[in-house]
Structure formats: C-alpha cells, structure tokens
Number of protein chains: 2
Amino acid sequence: MGKAANTRLTILQKSFDLIYVNGYQATSIDVIIATTQVTKGAFYYHFKNKDDMGMAVVNEVMYPAMTEVLIKPLINSADPVNDIYKMVHGLLLDNPHMQVKYGCPVNNLTQEMSPINEAFSQVLTRLVNECNEAIMQSVENGKKAGSIRANVDAWQVAYFVMSGYWGIRNFGKLFNSADCYHTFLKELHSYLQGLK
Amino acid sequence: MGKAANTRLTILQKSFDLIYVNGYQATSIDVIIATTQVTKGAFYYHFKNKDDMGMAVVNEVMYPAMTEVLIKPLINSADPVNDIYKMVHGLLLDNPHMQVKYGCPVNNLTQEMSPINEAFSQVLTRLVNECNEAIMQSVENGKKAGSIRANVDAWQVAYFVMSGYWGIRNFGKLFNSADCYHTFLKELHSYLQGLK
DNA sequence: TGCAAATAATACTAATCAGTATCTTTTATG
DNA sequence: CATAAAAGATACTGATTAGTATTATTTGCA
C-alpha cells in the first residue's frame, strides 16, 4: 500500500474508533488529526469535508466489518434457528471490535445521524438492509429445508431479531455490563425455538 | 404556578423538544434561550449548568411521561399478552409526543449519554429499570392468573420486549417511516402468543 | 536528473460553545 | 411603603469548531 493510501486508511480507522466511543458530532477533526498524527492539510487532501470522511468510514470500515460478522455467517444457512442465535451471540460476546460500554457502531451512528443527515441515512440504510436480507434469506432457506414452520414470516423475524439486537446493545451501554446480553440471549433462544 | 416556576418549566419542556430532535450535546444553551425567549441570566438562575438542566429534563419531563404511557397501563394487569402488546402499540403508533423520525427520547438519550456521563446513566437507569419491572411484574401476574406458561422467565421477557421496542424505534428513525413498526408488531404479537 | 503532480504542513478565520460577572427589575413580606 | 431576596437581563470570556489559503515537501516518471 502506498503512503498516501496508508494515510487515508489510518484516518478512517482511527476516526471509526473515535466515532464509536464519542459519537460522530462529538468527534472533532482537530482530535482526529491529533490522534492520527496527520495534519489538517493531509486530512482535507483526502476528504472533501467531515461528512465525506464520515461516509467513507461507513462504507469502507463499517460495511465490510458487518458483512464479515453478520452476513457471511448466514449465507447458505439452512438451519437459521441455530445460525441466527450463533451470529447474535458472536456479535454480542465474541467480537473484539465492539465493547459493551459503547454498543453497536451501526446502531449508534444510525440513531445519531439518520434524523438529521439524509446522506448518512442512505449509506446506513444500504448496510442495514443487507443485514436484514441476510436474516430473512436464512429463514426462507430454513422454511424450504423444513427446519422452520411454513407460516413463519421471514421479514418479520428479520426485523424482530435485528430490533432485539439493537435494543439489548443499548441496555449494555446503559448498565455497562454484559449480564443483560445473557438474559437477552436466553429469550432469543426460546423465541427462535418457537419458529420450528 | 408562579412566574419563576413557569420559566423553569418552559425551559425544561422546550429543552426536551430540542434534545429529542437534535440530541443533547448538539442542543446548545444559546439555542435553548433563543427558542424559550428566556435570557441566559434566567437560565443559570434556575440551573447550575447544562447537565443539571439535562438531568432535570429526565427526572421532571421524561420520567413522568414514561410512567404514564408504559408503567400505568401494565400495573394490575393480569393479561400481559394483550396488555404488553397494547402498550407497545400505543407507544409506537398512538403517542402524540413522539415522532417516527426522532425515535424514543429515552432510547436516544441513553445511547448518547450513558457511555460518557455517569450522572445521566444513573437517572436513566432508574427510569428504565422501572419500565422493565412493570413488564416483568405483569408477566408474573399473568403466570399466577394462568394466562402465561409457568416456565416463562418474566425478566427475560421484559428485556426482550424492551429491546425489541428500542430496536424498532431505531429502524423507524432510519427509514423515517412507521411501516416497520407494523412489521415488528405482528411478530411481537406472535411472540407474545407463544408465552401462553 | 529535472519537473510536474501528488501529498502534506502551517497558520489563519469566523462562528459557536458553556459559563461568568455585573447589573437591573420584580416579588414577597415586614 | 420599604427593603431584601428572588428572578431576569446584558455583555463578556477563553476554548473549540469546521473549514480555507498558502506554502512546503515528497513522489513518480520523462
């Protein structure tokens, strides 16, 4: 990787970390260039403005990461009752890039930015829709394979699972403890069993 | 109500509106005093600082409102399958103080402030715990009344329902549409029926 | 090697932020 | 009515913000 490309990637990754912890609007460009040791001239060479950088963080850092941990594990799954549970369990408890205290980066950014910035809404919608579709598709596969009741609505399940995941992430932030994750996962397990 | 008490209440209510729409940190005191037509001297007479005002918004505006719409409808309920559904339905679709685009005020503030401000965490935890307890208690009542299976874990249900509600609120913000609420409510209905 | 383009560095601006110091007006009570 | 306290008004501060203008350096390539 060339030096310039490296500078750009450094900005994106460090910015992601700062936004994850402090929120987007509370993450100033001055702090970003201080932590990255990149000058303001370099920053504005690589990005048109702050929002341009924020959008790049979504598309080039968050999107690939979510694909890896949420979508890939569900593709070609014909046993969604187990695979969805495992995916959510992994997302909550086994992901080294997320911390209980700071919740889910996608959830955080959606909540903060979607009502006040249409461009953020769009890139986040694309990301979130793909997550929903992955869950939906796995449920459809399960229905075909007979591991899920035929009268289960796959879209409803997708929204229900994603909503639950986002919501319990917020509890985790509030209590700063993973205890609630275990409580949630037990009930998620019951719920998913009920789809059989 | 005296003039001073009225000034204070005006600040709290308008601040709530601004925080609900723009977030806490993005709501400046200058904007608050501009929209309330209250001077900065008056603001700092009634509140020690911005956080003091923010905490008062939680305790004196959000807490009573949440008690009214979430806790009261569940108290003395022995038919939680229906009453929890109705409560969530009302919260999502029939509450005049909330808008799809801006989500749930408690959820918003929790997400924004709990990781970075311990004092906010505490007042929000008190509020949220009471909501959870109301759901939990209604489930326990349902178990005693026989309308809910004995092997259902009431705490798990409370976390699951609250998580789902918070999560779908975030979808509503992202899509700026109540369509997803209906999808969610259908699956919530199925889930609650499964508790019988 | 020389030179143009890519990349980075520095210093600045105008706006906005939370908070303070000081002053004036209103209110309640003797 | 007099007076003290409550309540509100005004003007300011130093810090921080996103962004810009200008200059300097590094890089690839002829």
Side-chain angles (χ1 to χ4, degrees), chain A residues 1-58 60 108-109 112-113 115-120 123, chain B residues 1-58 60 108-109 112-113 115-120 123:
Chain A
M1 184 165 50
K3 196 189 169 196
N6 186 63
T7 301
R8 185 189 151 92
L9 196 62
T10 302
I11 293 172
L12 289 178
Q13 286 172 339
K14 288 277 184 188
S15 293
F16 169 80
D17 292 341
L18 289 166
I19 292 167
Y20 178 43
V21 170
N22 301 111
Y24 175 78
Q25 294 172 98
T27 299
S28 73
I29 292 168
D30 284 356
V31 167
I32 291 172
I33 64 177
T35 47
T36 51
Q37 307 267 52
V38 161
T39 63
K40 197 163 269 196
F43 181 95
Y44 278 99
Y45 173 79
H46 286 285
F47 304 101
K48 195 163 98 267
N49 50 39
K50 189 186 176 185
D51 283 1
D52 184 42
M53 180 276 297
M55 232 79 77
V57 167
V58 176
E60 296 168 43
N108 294 353
L109 200 56
E112 180 183 3
M113 298 306 292
I116 59 174
N117 190 309
E118 175 61 25
F120 271 93
V123 293
Chain B
M1 183 163 53
K3 197 188 168 197
N6 185 64
T7 300
R8 187 190 150 90
L9 196 62
T10 301
I11 293 172
L12 289 178
Q13 288 173 339
K14 288 278 183 188
S15 293
F16 169 81
D17 292 341
L18 289 165
I19 293 167
Y20 178 43
V21 170
N22 302 110
Y24 176 78
Q25 293 172 99
T27 299
S28 74
I29 291 168
D30 285 356
V31 168
I32 291 171
I33 65 177
T35 46
T36 52
Q37 307 266 53
V38 162
T39 63
K40 196 164 268 198
F43 181 95
Y44 278 98
Y45 172 78
H46 286 284
F47 304 102
K48 197 163 99 268
N49 51 38
K50 188 186 177 186
D51 283 1
D52 184 41
M53 180 276 298
M55 231 80 77
V57 167
V58 176
E60 297 169 43
N108 294 352
L109 200 57
E112 180 184 3
M113 298 308 291
I116 60 173
N117 189 308
E118 176 60 25
F120 270 92
V123 292

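Chain naming here is simple, since letters A, B, ... match the order of the sequence lines and numbering starts at 1 in each. What you see is a predicted model, and the numbers here were worked out from it, not measured in a lab.
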**Message:** Testing the basics here: between A:Ile11 and A:Ser15, what is the closest heavy-atom pair and its distance to 0.1 Å?
**Reply:** O-OG, 2.7 Å
**Request:** With the side chain counted from C-beta on, respond yes when B:Ile116 and B:Gln25 share a heavy-atom pair under 4.5 Å apart, and no when they do not.
**Result:** yes
**Request:** Could you list the residues that satisfy side chain to side chain donor-acceptor pair (under 3.5 Å) with A:Tyr24, not counting sequence neighbours?
**Result:** A:Asp51
**Prompt:** Closest heavy-atom contact between A:His46 and A:Asp52?
**Reply:** O-OD2, 4.5 Å
**Prompt:** OP1 or OP2 of D:dG8 sitting under 4.0 Å from any side-chain N/O of B:Thr7?
**Reply:** yes
**Prompt:** Does any residue of residues 40-48 of chain B have a heavy atom under 4.0 Å from DNA chain C, and if so, which ones, in number order?
**Reply:** B:Lys40, B:Tyr44
**Message:** Run the ring pair (Phe, Tyr, Trp, His ring centres under 6.0 Å) test against A:Phe47 and tell me which residues pass, sequence neighbours left out.
**Reply:** A:Phe43
**Item:** Covered region of DNA chain C, 5' end to 3' end, by chain B [heavy atoms, under 4.0 Å]
**Value:** C:dC17 to C:dT27
**Asked** Just one of A:Val123, A:Val58, A:Asn117, A:Val57 clears the side chain to side chain contact (heavy atoms under 4.5 Å, CB included) bar with A:Leu109, so which one?
**Response** A:Val58
**Item:** Straight-line distance of B:Met55 CE to B:Met113 CE, nearest 0.5 Å
**Value:** 8.0 Å
**Item:** Min side-chain heavy-atom separation A:Ile32-A:Met53 under 4.5 Å
**Value:** yes
**Fill in**
Walking DNA chain D from its 5' end, the first of B:Arg8 and A:Lys50 to be reached, judged by nearest nucleotide, is B:Arg8
**Complete:** Sequence neighbours excluded, the answer for salt bridge (charged side-chain N to carboxylate O under 4.0 Å, His left out) partners of B:Lys40 is B:Asp30
**Request:** Measure from CG on A:Asn49 to C1' on D:dG19 and round the result to the nearest Å.
**Result:** 9 Å
**Request:** For the pair A:Lys50 (side chain) and A:Thr27 (backbone), establish whether a donor and an acceptor sit closer than 3.5 Å, ignoring hydrogens and angles.
**Result:** yes
**Prompt:** Between A:Ile33 and A:Ile29, is any pair of side-chain heavy atoms under 4.5 Å apart?
**Reply:** yes
**N/O (side chain, B:Thr39) to phosphate O (OP1/OP2, D:dA9) under 4.0 Å** = yes
**Sub-4.0 Å heavy-atom contacts from residues 17-29 of chain B onto DNA chain C, ordered by number** = B:Thr27, B:Ser28, B:Ile29
**Asked** Using a cut-off of 4.0 Å on non-hydrogen atoms, how would the nucleic acid contact of A:Asp30 be classed: base, sugar-phosphate, or nothing?
**Response** base
